[in-house]
Amino acid sequence: MTEAAPRKTEARTVQPGHPALPRYDPKEIEKRWQKRWAADGLYRTPDDAPQPKFYFLTMLPYTSGDLHVGHWYAMAPSDTAARFRRMRGYNVLFPMGFDAFGLPAENAAIKEGIHPHRWTYDNIDNMRRQLKTMGAMFDWSREVRTCDPEYYRWNQWFFLKLYERGLAYRALAPANWCPSCQTVLANEQVLPDGTCERCGTPVTRRDLEQWFLRTTAYADELLDHSKIEWPEQVVAMQKNWISRSEGVEIAFGLDLPAGRHGAPGVEETEIRVFTTRADTIFGVTSMVLAPEHPLVPKLTAPDRRQEIDKYIEYARRQTEIDRMSMEREKTGVFTGAYCKNLLSGEDVPIWIADYALLWYGTGAVMGVPAHDQRDFEFARQFGLPIKVVVAPPDWDGAPLEQAYVEPGTMVNSGRFDVLPSEEGKQAIADYVEAQGWGRRSISYRLRDWLVSRQRYWGTPIPIVHCPKCGPVPVPEPGLPVLLPEDAEFKPTGESPLAGHERFVNTTCPKCSGPARRETDTMDTFMDSNWYFIRYLSPHYDAGPVDPALARKWLPVDQYTGGAEHAVMHLLYARFFWKALRDLGLVDGDEPFLRLFNQGQILGPDGQRMSKSRGNVVAPDEQVSRYGTDTFRCYLMFLGPWDEGGPYAFEGITGIWRWLNRVWNLALSEPPAGAADPVAVREMRRVTHKTVRRVTEDLERFRFNTMLAALMEMTNHLTKARESGPVDAAAWDESIDSLLRMTAPAAPHIAEELWTRTGRPYSVHQQSWPTWDADLTQEEEITLVVQVNGKVRDRLQVPADIEEALAREMALASPRVQAHIGGRDVLRVVYVPGKLVNVVVR
RNA sequence: GCCGGGGUGGCGGAACCGGUAGACGCGGCGGACUUAAAAUCCGCUUCCGCCUCAGGCGGAGUGUGGGUUCGACCCCCACCCCCGGCACCA
């Protein structure tokens, strides 16, 4: 590729009062520079550059096949910020890859008869092509595809490391089952309304042997975000999701009367509950067990058995939707058994009810209707006594209309009476611990991550089930356990791999006897746990990452992506990183030091874009009409990046016009001659102020105001040129800065103009301009004069005006005098450089 | 219900640390160029009222109602609405 130069055949536009200029033709320019940059390896990130490293990561796309506006909205501003970093002297790593495993590939295969492998790789090729039209500085030499065996091999390797450490385990558990996807889902993948986040089908429960990763082992550490700069919103969502509660585990005595033993030999002598309200223990009037609680069959009275069984059956049939529906009346059944409140000595009837959740706390709730709204409703429903033990202020002993959950003074609580309930909480916890009836404990809402999936297009779990040895890890030389190409992948509820004889039948690595492979595959969030580590050395085969490069590049300095991943990817990835840290594979406690969530781009109607609504904006179409640079800038100009918002087709012309003005400005000779010194100083002031504004805006990802500042500068230069001779040096400085500052947002036009104005290739290897604070000083300011806080006059005064003079001028203003109207001046407030406020009355 | 974020012209949005509300852009209106249109360029454009109307003057105004302050889009209190998340978590 030769140096770009204006060609004779080019179309020209005539500017009023200016010689004919070549026309701005983004199509031609953009294609040409993309080729040149690729040929020159301009965006290859060296591992050994002397500059400080900066790892700028943006979330990789799922291989849906088409790059939509949402991708552009996420990536173009990220690219701009990364380019800015680079110009500021950092060695910036800005990689890209493809999240390539997952259900859609399989569904497409079933629907259209294309193999998931083929579907995925075709999509990758198309998306890579589309991504390249963005003109981003992605280092394609580091591309990662998560469905490549050389990638998922390390998923398996990690899995085995976690398994060795007891962080991966298999357990029988009631799992979220999507009848449509025919697979289990992690809790995070069930929407609040109880439907599958992928297909919207109501999720049901199934008891299944599943693989889990022990995320709860890191619950407390995951709750600590003090080492990272993340949006408050995401931090709040993670905290909320993990939700730590401090309380006490307390035993209730279980001494079943003869004849009440459901089964011979009930060895348990207690039921343990978890409570955060130990202070209310004297108010317990029922014990509520989750229907699936293991003690239930043992302690149910024979005459209650039928009803209890019916209720258990009813509870397990509930979909998440039923179970979560609001305003539902409390249901439950009495077991016929009692337990003993060890503190009060009272007998307490044992019930089962589905508002007690097996997985939370101990799966058993002490029912305190007076001080817990759920228990209150339950007691009302079944006529259980409501015993007040924490007196509300001014309580006259009347029955409560609803649970009183606030602190108060303890009553009816034996030796703890009269204590403030907050103190009572501690006193009772101490007492319980001293008596050996329980201990303080912590419960989390967070549950372990269910990672196995009964689907084909994913990473096979590298375990062999041997009838003699049980589950046996595949030894490292046996990795990767390859996903067979020729599987029948119709969903049956069992993994499609289960029907693949050659895959399933194997020998036990331990005893060499016949054995069967695990046929479940891993959740695709496993892939996104560490893809950013693989970018560093995508083809390294002695480990998941070249350790030297891991030390150099990790952790990620800046991560950008959508907030929808707050409690899935972003939580799993933090967990995973911490596990890797403890395995000695990475250093540091957090994978992503800074996070920024862009908002969501909506259709022109303000609704989520969807084919069915017909409000989808096709990026390719916008690009072919206006060019990549215009489209990139427009996405950034729409509004604050973290807010997202509707895409308005009309507005893009504003950016288009602006880039054309920049084009004309840079290529036209300004009128020569002796320039007015005031105008020269003004031009330099505008330029240096703009450099400051743009720099500060880019640091904070405020692309919309950055572009507004560049437009203002452009407008100023246009006017300056119209209104007389221009100082050549000041003009050159302005154009130079303008082009450098335009380069991150509109890389192609900036490069073209940079070259056409005789500057050395490439603008993207130039340093970012700096500003001179002295030159940004205004000579004149507008002094606002207020009377009683209302603006009454504006005076043009020298910036360094003396206070006395300013006050004098303000009071002398006829407009101000008119508004004072002879009233007494009480005081005059002077704010240097801003205003004078005359207070009268 | 709880936790975050937000409510500013016709529209997207701007406003530093409490000091000119409406930058920048779209749209609209008027004008220049053109046979014409497109494109481009220039001017005006928060609302209301008034006047001696190329201009000028006054009032109101940042979801609502209060408060603090010389001065509030910004701080405080109460409330309404919108968006996102969580929601029987003991």
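Keep in mind that this is a model prediction, so the values were computed, not measured. Lettering follows sequence order; numbering is per chain, from 1.
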Quick note, side chain to side chain donor-acceptor pair (under 3.5 Å) partners involving residues 629-641 of chain A, not counting sequence neighbours, are A:Asp79-A:Arg632, A:Thr80-A:Arg632, A:Asp629-A:His748
Sequence neighbours excluded, the answer for side chain to side chain contact (heavy atoms under 4.5 Å, CB included) partners of A:Pro407 is A:Ser421, A:Glu422
The contact string for nucleotides 45-51 of chain B, one letter per nucleotide 5' to 3', using protein heavy atoms under 4.0 Å with B, S and - for base, sugar-phosphate only and none, comes out as -------
message = I want to check one thing: is the phosphate of B:G25, taken as OP1 and OP2, less than 4.0 Å away from some side-chain N or O of A:Asn715?
response = yes
Exercise. Answer with base, sugar-phosphate or nothing: what part of the nucleic acid does A:Arg661 contact at a heavy-atom distance below 4.0 Å?
Key: sugar-phosphate
Sorted by chain and number, sequence neighbours left out, side-chain hydrogen bond (donor to acceptor under 3.5 Å, both in side chains) with A:Thr690 holds for none
Name the atoms and distances for all side-chain donor-acceptor pairs under 3.5 Å in residues 784-798 of chain A, with sequence neighbours left out.
unit_1: A:Asn788; atom_1: OD1; unit_2: A:Val840; atom_2: N; d: 2.9
unit_1: A:Arg792; atom_1: NH1; unit_2: A:His819; atom_2: NE2; d: 3.2
unit_1: A:Asp793; atom_1: OD2; unit_2: A:Ser813; atom_2: OG; d: 2.6
unit_1: A:Gln796; atom_1: OE1; unit_2: A:Thr782; atom_2: OG1; d: 2.8
unit_1: A:Gln796; atom_1: NE2; unit_2: A:Glu780; atom_2: OE1; d: 3.2

Sorted by chain and residue number, the side-chain hydrogen bond (donor to acceptor under 3.5 Å, both in side chains) partners of A:Trp771 (sequence neighbours excluded) come out as none
By salt bridge (charged side-chain N to carboxylate O under 4.0 Å, His left out), A:Glu699 pairs with (sequence neighbours left out) A:Arg88
Residues passing the side-chain hydrogen bond (donor to acceptor under 3.5 Å, both in side chains) test with A:Tyr360, sequence neighbours excluded, are A:Ser245
In B/S/- notation (B base, S sugar-phosphate only, - none; protein heavy atoms under 4.0 Å), nucleotides 54-60 of chain B written 5' to 3' is ---SSSS
With a cut-off of less than 4.0 Å, is there a side-chain N or O of A:Thr653 near OP1 or OP2 of B:G25? no
Nucleotide by nucleotide, nucleotides 8-20 of chain B touches protein heavy atoms under 4.0 Å in the pattern (B base, S sugar-phosphate only, - none) ----BSSSB--BB
Writing each nucleotide of RNA chain B 5' to 3' as (, ), [, ], | or . by Watson-Crick or G-U pairing under 3.5 Å yields (((((((..(((......[....)))((((((.......))))))((((((...))))))..(((((..]....))))))))))))....
Determine the contact category for A:Val365: base if any of its heavy atoms lies under 4.0 Å from a base atom, sugar-phosphate if only primed atoms, P, OP1 or OP2 are that close, otherwise nothing. base
Checklist entry - On a whole-Å scale, what distance lies between the C1' atoms belonging to B:C24 and B:G9? => result 14 Å
For A:Arg661, the salt bridge (charged side-chain N to carboxylate O under 4.0 Å, His left out) test, sequence neighbours excluded, returns none
(message) Check the phosphate of B:U40 against A:Arg657, side-chain N and O only, distance under 4.0 Å to OP1 or OP2. Yes or no?
(response) yes
